[in-house]
Amino acid sequence: MTLEPTRTYAHIYNVVRQIPSGQVATYGQVAHAAGLPGQARQVGYALHALLEADTPWHRVINAKGTISPRAEPEQEQRQRELLEREGVVFDAQGRVDLKTYRWDVPLPDVC
DNA sequence: AACATGACCATTA
DNA sequence: GTAATGGCCATGT
């Protein structure tokens, strides 16, 4: 594969794919796990440009524990649906208990 | 090359 | 608890 023409994307996707079912990760957490501390924005951007269905993008939410407002409400609802389907419960405020479902990063650099 | 935009986050008041 | 500010950087025009 490409060495590093867009290392950000590769790392981000790689990390997102490692998120186990029934757990969620924040953009910042993914960014940090991907070796891009502070670049949470790029994570969201990468996911927005995501085309591959083999990447569990729905397991990535914002730091507030809510689903980021997207241009298409359908996708936003679908994300919630997919998460609930994996056992993740949303509260009345539509927020996920990060304290409970937050994915614990196994290692800073996994290959 | 420069400007504007964006599925964000942490800090500060 | 909310509101505002700065920062970070890839993508498209």
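Lettering follows sequence order; numbering is per chain, from 1.
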Check your understanding: Of all residues at least two apart in sequence or in a different chain, which pass the side-chain contact (heavy atoms from CB on, under 4.5 Å) check with A46(A)?
Key -> Y9(A), I12(A), Y13(A)
Exercise for review: Only counting residues at least two apart or in another chain, list the ones meeting side-chain contact (heavy atoms from CB on, under 4.5 Å) with Q93(A).
Suggested key: D91(A), R95(A)
Which residues pass the salt bridge (Lys or Arg N to Asp or Glu O under 4.0 Å) test with [X], sequence neighbours left out?
X	answer
D54(A)	R17(A)
R41(A)	none
E84(A)	R80(A)

Could you list the protein-to-nucleotides 7-9 of chain C atom pairs, N/O on both sides, closer than 3.5 Å?
from   : atom 1 : to     : atom 2 : distance (Å)
dC9(C) : O2     : Q42(A) : OE1    : 3.3
dC9(C) : O2     : Q42(A) : NE2    : 2.5

**Study point:** Protein-nucleotide distance (L47(A), atom CG; dT11(C), atom C1'), rounded to Å
**Key:** 15 Å
Review point. Which ILVMFWY residues can you reach from L98(A) by hopping between side chains whose heavy atoms are under 4.5 Å apart?
Key: V24(A), I61(A), I67(A), L83(A), V88(A), V89(A), F90(A), V96(A), Y101(A)
Revision key, fill the gap. Its 5'-most and 3'-most nucleotides having an atom under 4.0 Å from a non-hydrogen atom of chain A, DNA chain B is contacted over dG6(B) to dA10(B)
Practice item. Could you name each residue pair satisfying side chain to side chain donor-acceptor pair (under 3.5 Å) that touches residues 56-65 of chain A, not counting sequence neighbours? Key: H58(A)-E86(A), R59(A)-E86(A), N62(A)-T66(A), N62(A)-S68(A)
Exercise for review: With the side chain counted from C-beta on, respond yes when Q42(A) and L36(A) share a heavy-atom pair under 4.5 Å apart, and no when they do not.
Suggested key: no
